[in-house]
Amino acid sequence: MQQDHGLYLLRIDSFIQQSLSRRRKLPPVPRPVPLSKLTDNFLDGTSSVYLEELQRAWEADPNSVDESWDNFFRNFVGQAATSPGISGQTIQESMRLLLLVRAYQVNGHMKAKLDPLGLEEREIPDDLDPALYGFTEADLDREFFLGVWRMAGFLSENRPVQTLRSILTRLEQAYCGSIGYEYMHIADREKCNWLRDKIETPTSMQYNSQRREVILDRLIWSTQFENFLATKWTTAKRFGLEGGETLIPGMKEMFDRSADLGVESIVIGMPHRGRLNVLGNVVRKPLRQIFSEFSGGTKPVDEVGLYTGTGDVKYHLGTSYDRPTRGGKRIHLSLVANPSHLEAVDPVVVGKTRAKQYFSNDTDRTKNMGILIHGDGSFAGQGVVYETLHLSALPSYTTGGTIHIVVNNQVAFTTDPRAGRSSQYCTDVAKALNAPILHVNADDMEAVVHVCELAAEWRQTFHSDVVVDLVCYRRFGHNEIDEPSFTQPKMYQVIRNHPSALEIYKKKLLESGQVTEEDIRRIQEKVLAILNEEFLASKDYIPRRRDWLSSHWTGFKSPEQLSRVRNTGVKPEILKNVGKAITTFPENFKPHRAVKKVYEQRQQMIETGEGIDWAVGEALAFATLLVEGNHVRLSGQDVERGTFSHRHSVVHDQETGEKYCPLDHVVINQNEEMFTVSNSSLSEFAVLGFELGYSMESPNSLVIWEAQFGDFANGSQVIFDQFLSSGESKWLRQTGLVLLLPHGYDGQGPEHSSARLERFLQMSDDNPYVIPEMEPTLRKQIQECNWQVVNVTTPANYFHVLRRQIHRDFRKPLVLMAPKNLLRHKECKSNLSEFDDVQGHPGFDKQGTRFKRLIKDQNEHSDLEEGIRRLVLCSGKVYYELDEERKKVEAKDIAICRVEQLCPFPYDLIQRELKRYPNAEIVWCQEEPMNMGAFNYIAPRLSTAMKALDRGTMDDIKYVGRGPSAASATGFYQVHVKEQTELVQKACSLNQ
């Protein structure tokens with residue numbers, strides 16, 4: 001180590017000599033420093049005249065200059081008087097020296113040796129050159145005074161007088177070694193000082209022999225694991241970690257340090273590179289199981305039921321495990337399953353972490369932490385990274401800081417960094433958050449450990465994000481059967497001859513004398529023996545589904561286990577009580593007069609039990625679930641008031657600005673987060689991903705995301721496609737997440753009309769040609785489908801469909817086409833009796849005590865109506881327009897039924913209506929164009945129901961709606977009105 005240190009000093013010496021000799025011919029004139037480089041006000045002037053004037057002013061009256069100058073002169077003059085050794089030093093020299101120190105703090109990372117391959121050509125900034133500040137070789141052994149002024153690190157040490165040589169040596173050691181620190185963009189003195197103390201203090205990263213042996217053991221595991229897979233499955237894709245093996249020991253040390261600082265649970269999200277290594281070595285997924293999956297594996301089986309879904313490739317799977325730490329604690333680790341869509345898992349991890357904090361009452365957010373591992377290309381390139389970073393300090397989304405680790409291969413698949421980003425580093429996006437960024441050369445094992453521990457300490461101290469940029473390389477191609485030399489020939493020439501991180505670390509430890517060849521051989525043999533043993537065991541390995549399921553979900557049923565349909569009505573007295581709570585303000589609270597009127601009308605609805613509108617129906621669903629002990633969370637853009645100014649769940653005092661949320665006061669001493677309604681940032685992808693992660697943590701929560709308009713929901717299409725529609729099938733993970741997507745044709749143009757209902761229906765996996773078991777006591781139709789898509793038309797039905805999400809033994813996503821003009825429609829009202837659980841109560845026939853998948857015609861029709869000549873089936877708000885038109889033309893021979901649940905299709909209820917109207921022609925009516933909406937989903941299923949009753953085929957279904965269109969709606973209001981009028985008239989006219 002001493003020898004290393006000597007070489008290090010020699011290098012610094014020669015650097016100083018070179019930089020000084022370059023400028024020896026010129027007189028040492030300090031150059032002006034651009035103001036853009038200066039952010040501290042005491043550095044704003046560098047001319048000697050200015051300094052002298054300031055000093056004279058200060059001597060006359062210390063209060064006449066800025067506080068920072070007062071500090072400066074007080075320190076300098078006080079020290080100069082007592083230290084004859086620096087009598088020749090001018091104030092100007094002291095200032096220039098401080099600028100040099102600051103230059104290292106700001107730009108030292110530009111000179112750090114970060115690239116393990118030594119290929120990166122970076123220009124060293126001029127401001128790291130001592131000659132720029134007027135220092136010559138003759139000054140190297142002169143002693144200089146360094147002031148204190150509220151700085152930390154070595155500037156604050158009790159050694160104000162140092163030679164220029166020792167100052168430069170310290171700066172080079174601290175800022176230009178294997179770690180590059182970026183933190184001077186953080187506008188917080190306390191945080192910068194904390195980091196300076198960690199960076200600049202001389203106790204460098206010294207680990208004792210015992211600690212080094214642990215690090216070595218972990219690095220051997222990481223390296224041998226990849227080597228073992230490479231020898232056993234030479235042609236398999238595994239996205240190995242070769243070139244970045246130090247990630248594994250780094251993560252383990254980070255977890256150990258986190259556990260020492262109070263972390264009990266960590267949620268990890270990561271891409272496919274290195275995932276198997278993290279699964280096996282960090283999260284401790286049984287190696288035999290990983291090897292079994294390589295050999296083709298078998299589908300999981302379980303004692304009860306055989307639902308195994310479609311499965312997924314091995315480098316997408318997740319798992320969870322409790323692992324012991326070096327400090328003798330236990331920490332729960334869960335790695336979230338994710339698709340190949342890079343970074344899409346980021347918000348999911350953050351949401352799951354936040355839910356863990358709620359359910360474990362971790363209000364300080366110190367016991368549960370999220371860790372995200374990124375690639376260099378995707379961290380800079382994927383917008384969801386920025387969207388997720390921006391959730392980090394929002395009150396309803398913060399998790400108290402996420403640790404980001406970028407596995408920086410210095411190449412993205414085949415793309416060089418200069419083609420993949422505009423910024424110097426791939427991590428520059430995190431500067432927007434004021435997160436410290438710790439760049440580290442991944443070949444320096446102990447430097448990696450140091451920054452990983454520092455990141456854990458930062459997170460637990462400041463509860464904010466931090467980034468570790470692990471600068472490594474990829475020894476093979478993007479996957480093991482890819483040829484990287486096609487596109488990076490020079491890089492791969494160097495890589496072929498470059499020693500592994502393990503070889504470099506072994507050499508270092510052997511030279512230090514702390515570890516012997518025998519020690520290394522012993523560890524390697526132990527690791528290889530265990531790998532071989534697990535490989536043999538993998539041949540007989542039979543996976544069990546419980547390997548994937550988490551404890552909160554014990555007792556929940558998989559799709560092949562019958563879950564009975566339950567009632568969702570609520571006792572009338574409970575409805576009255578919660579109704580009162582959600583319509584009352586505290587005394588002296590002064591809401592806006594229009595909001596006050598809304599709440600008075602709501603009170604009246606509850607008291608009379610009549611005319612309950614959409615917002616009250618929703619609030620009753622939330623309130624009754626809260627009373628039953630469930631957590632309710634609603635988030636999205638502008639959800640507190642509601643896009644259409646209908647919800648008003650958070651009310652603002654017009655005089656004090658104080659907020660009041662009635663749903664926070666439904667239960668005595670209610671936990672303030674038990675009901676959460678929160679306006680989100682203006683993001684779809686990250687916020688929906690966050691809510692999805694949140695909903696996956698515990699089944700005892702109703703988690704809802706509302707789009708501002710359904711049209712904007714496709715900003716989060718990756719979450720719909722990769723997670724929500726297929727997550728249960730791929731990863732056996734259930735979620736009861738609800739999507740509220742405002743949908744309906746009101747003449748507001750092509751971006752404010754359609755939630756793209758057709759896309760959700762097209763992704764549903766129910767078979768259109770097979771009628772499943774529909775007997776109520778045996779029905780598993782919803783359980784066997786990937787999600788539910790509904791378009792409800794009454795407040796009561798909305799109430800029941802929300803409550804149904806919780807009142808069942810399984811969880812399934814609910815995609816709900818939310819209304820817009822029905823929110824205040826005079827006909828779209830329900831009576832309180834439709835919400836209760838009383839059998840035979842008034843309104844019982846209309847609603848029953850549970851969600852209605854289909855609402856029959858409201859004209860008192862008997863079980864057999866032979867005189868009805870047309871049965872119009874529709875869904876959503878077009879029903880009210882059809883009903884109005886039917887009354888207007890007095891078409892008594894037309895029946896209109898509403899299909900409230902589109903998916904899975906209610907075959908039994910459709911057949912009930914077909915039998916009721918044996919002579920009626922069948923019409924499907926929709927507002928959407930023919931190539932959109934529900935028509936293409938409904939037609940084959942309706943045809944299957946008709947065939948079973950000999951009522952005809954697909955050709956016998958008449959379509960009424962808009963014609964095919966590229967845009968979802970017209971932009972001209974008059975055209976909209978004409979189209980809407982025509983389709984409604986056509987549906988209600990038997991001659992057409």
Side-chain angles (χ1 to χ4, degrees), residues 567-572 574-576 578-583 598-626 632 634 639 642-649 662-663 666 677 702 704 706 738 740-744 790-807 814 816-838 841-856 858 874-881 883 898-901:
N567 290 342
T568 46
V570 176
K571 288 185 168 48
I574 293 177
L575 288 169
K576 286 279 188 190
V578 298
K580 196 172 173 189
I582 60 177
T583 55
V598 166
Y599 269 77
E600 284 165 357
Q601 288 167 345
R602 289 180 181 179
Q603 270 177 334
Q604 204 177 348
M605 291 172 199
I606 299 292
E607 280 165 21
T608 62
E610 291 172 359
I612 287 176
D613 67 11
W614 201 268
V616 175
E618 178 186 80
L620 285 170
F622 294 165
T624 52
L625 287 169
L626 291 167
V632 177
L634 166 63
V639 296
T643 299
F644 312 102
S645 199
H646 72 288
R647 185 174 285 124
H648 295 293
S649 59
L663 279 159
V666 175
V677 58
L702 180 70
I704 305 172
E706 181 175 70
V738 178
L740 299 184
L741 309 179
H743 173 89
V790 303
N791 193 1
V792 295
T793 56
T794 72
N797 224 20
Y798 179 43
F799 167 89
H800 287 287
V801 81
L802 289 176
R803 287 182 49 78
R804 182 178 79 164
Q805 282 298 94
I806 295 290
H807 285 277
L814 173 66
L816 200 147
M817 299 292 117
K820 291 178 282 186
N821 75 350
L822 294 191
L823 299 170
R824 296 179 179 81
H825 196 288
K826 63 182 190 302
E827 298 297 323
C828 183
K829 299 280 194 282
S830 298
N831 292 333
L832 199 57
S833 58
E834 294 169 49
F835 296 74
D836 68 30
D837 66 346
V838 181
H841 198 278
F844 180 74
D845 176 56
K846 193 171 177 188
Q847 183 65 50
T849 58
R850 58 177 70 148
F851 173 67
K852 279 192 162 339
R853 292 168 294 139
L854 178 145
I855 298 180
K856 63 185 185 183
Q858 296 297 289
C874 66
S875 188
K877 68 101 171 162
V878 73
Y879 163 75
Y880 290 99
E881 292 160 56
D883 191 41
R898 286 169 265 178
V899 183
E900 301 276 290
Q901 178 177 294

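Numbering starts at 1 and runs along the sequence shown. All values below were derived from every heavy atom in this structure, side-chain atoms included, with hydrogens, water molecules and symmetry-related copies excluded.
- Note that CD of Gln604 and OG1 of Thr583 are 11.5 Å apart. Values are rounded to the nearest 0.5 Å.
- Under the side-chain contact (heavy atoms from CB on, under 4.5 Å) criterion, Ala581 pairs with no residue, sequence neighbours left out.
- In this structure, Leu822 CG and Lys829 NZ are separated by 9.5 Å, a value rounded to the nearest 0.5 Å.
- Side chains of Leu626 and Val666 form a contact here, defined as non-hydrogen atoms less than 4.5 Å apart.
- Taking every heavy atom of both residues into account, Gly617 and Phe835 meet most closely at CA-CE2, 3.8 Å.
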*Report the C-alpha separation of Arg647 and Leu634 in whole Å, then their side-chain angles, then the decisive distance to 0.1 Å, and conclude whether the side-chain contact (heavy atoms from CB on, under 4.5 Å) test is met.*
CA-CA 12 Å; Arg647 185 174 285 124; Leu634 166 63; 3.6 Å; yes
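- Checked by atom type and distance alone, the side chain of Lys820 never pairs as donor or acceptor with a backbone atom of His743 at under 3.5 Å.
- In this structure, Asp836 contributes its side chain and Pro572 its backbone to no donor-acceptor pair below 3.5 Å.
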*Pair Val801-Val738, side-chain contact (heavy atoms from CB on, under 4.5 Å): steps then yes or no*: CA-CA 10 Å; Val801 81; Val738 178; over 6 Å; no
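- In Lys580, the NZ atom is not crowded: 12 or fewer heavy atoms of neighbouring residues, nucleotides or ligands sit closer than 6.0 Å.
- For the pair Gln858 (side chain) and Lys856 (backbone), a donor-acceptor distance under 3.5 Å is present.
- For the side-chain contact (heavy atoms from CB on, under 4.5 Å) with Glu900, the qualifying choice from Val790, Ile855, Leu854, Asn791 is Ile855, the only one to do so.
- Each salt bridge (Lys or Arg N to Asp or Glu O under 4.0 Å) pair with one or both residues in residues 792-801, not counting sequence neighbours, would appear here, but there are none.
- Considering Thr568, Val632, Leu625 as possible partners of Ile806, the one that fulfils the side-chain contact (heavy atoms from CB on, under 4.5 Å) test is Leu625.
- How far CZ of Arg898 is from SG of Cys874: 7.5 Å, rounded to the nearest 0.5 Å.
- In this structure, Arg602 contributes its side chain and Val616 its backbone to no donor-acceptor pair below 3.5 Å.
- For Ala621 against Thr624, the heavy-atom pair with the smallest separation is O-OG1, 3.0 Å.
- In this structure, Glu600 places its CD atom where more than 12 heavy-atom neighbours from other residues, nucleotides or ligands lie under 6.0 Å away.
- Of all non-hydrogen atoms in Phe851 and Val792, the two that sit nearest each other are CE1-CG1, 3.5 Å.
- Looking at Ser830, its side chain never comes within 3.5 Å of a backbone N or O of Ile612 through a donor-acceptor pair.
- Once rounded to the nearest 0.5 Å, the distance linking CG of Leu814 with CZ of Arg804 reads 7.0 Å.
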_Let's go through Ile582 and Phe622 carefully: what are the C-alpha distance in whole Å and the side-chain angles of both, what is the deciding distance for side-chain contact (heavy atoms from CB on, under 4.5 Å) to 0.1 Å, and is it a yes or a no?_
CA-CA 10 Å; Ile582 60 177; Phe622 294 165; over 6 Å; no
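- Between the side chain of His800 and the backbone N or O of Glu834 there is at least one donor-acceptor pair closer than 3.5 Å.
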*CA sep, side-chain torsions, deciding dist, call: Leu740, Glu618, side-chain contact (heavy atoms from CB on, under 4.5 Å)*: CA-CA 12 Å; Leu740 299 184; Glu618 178 186 80; 4.0 Å; yes
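- Note that the CG atom of Leu620 and the CD1 atom of Ile574 stand 12.0 Å from one another [nearest 0.5 Å].
- Remark: Lys877 pairs with Asp746, Glu881, Glu927 by the salt bridge (charged side-chain N to carboxylate O under 4.0 Å, His left out) rule, at least two apart or across chains.
- Using a 4.5 Å cut-off on side-chain heavy atoms (C-beta onward), Lys852 and Thr794 make no contact.
- For the residue pair Tyr880 and Cys828, the shortest heavy atom distance occurs at OH-CA, 3.7 Å.
- A parallel orientation is assigned to the rings of Tyr798 and Trp614, their planes being inclined by less than 30° (bins at 30° and 60°).
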